[in-house]
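Owing to the predicted nature of the structure, the values given are computational and were not obtained by experimental measurement.
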Amino acid sequence: MTADYSIEALGADPMRTVTDVAEIERLTDLAGAERAAFQELDCCLTRLRDVWAAQSQLAHLDSETLRGVLAARRAQLGGQSR
């Protein structure tokens with residue numbers, strides 16, 4: 001499920017003048033969160049690149065080595081699979 005941040009989905013009408021103080025404060029807080037949102041996105045992208053790098057490295061292991069590593073990991077987890 002993806003979040004829909006379109007103007008319509010957020011209930012914002014760009015042609016309407018906002019006069020409610022609480023709504024103005026909410027909009028100000030939301031608008032001010034842009035930098036934090038980009039930082040979170042950057043962290044997510046970095047993590048995703050790390051995941052892809054790990055997957056790529058694992059894909060190059062021979063099947064015997066990979067089975068051995070997975071068996072050892074399963075044993076460390078007490079036989080539980082993740």
Name each donor-acceptor pair under 3.5 Å that joins a side chain in residues 57-67 to protein atoms two or more places apart or in another chain, with its distance.
| unit_1 | atom_1 | unit_2 | atom_2 | d |
| --- | --- | --- | --- | --- |
| His60 | ND1 | Ser56 | O | 2.6 |
| Asp62 | OD1 | Glu64 | N | 3.2 |
| Asp62 | OD1 | Thr65 | N | 2.9 |
| Asp62 | OD1 | Thr65 | OG1 | 3.1 |
| Asp62 | OD2 | Thr65 | OG1 | 2.8 |

Qualifying side chain to side chain donor-acceptor pair (under 3.5 Å) pairs, either residue in residues 28-38, two or more places apart: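 Found none.
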Please list every donor-acceptor pair under 3.5 Å in which a side-chain atom of residues 36-50 meets a protein atom from a residue at least two apart or in another chain.
| unit_1 | atom_1 | unit_2 | atom_2 | d |
| --- | --- | --- | --- | --- |
| Thr46 | OG1 | Asp42 | O | 3.0 |

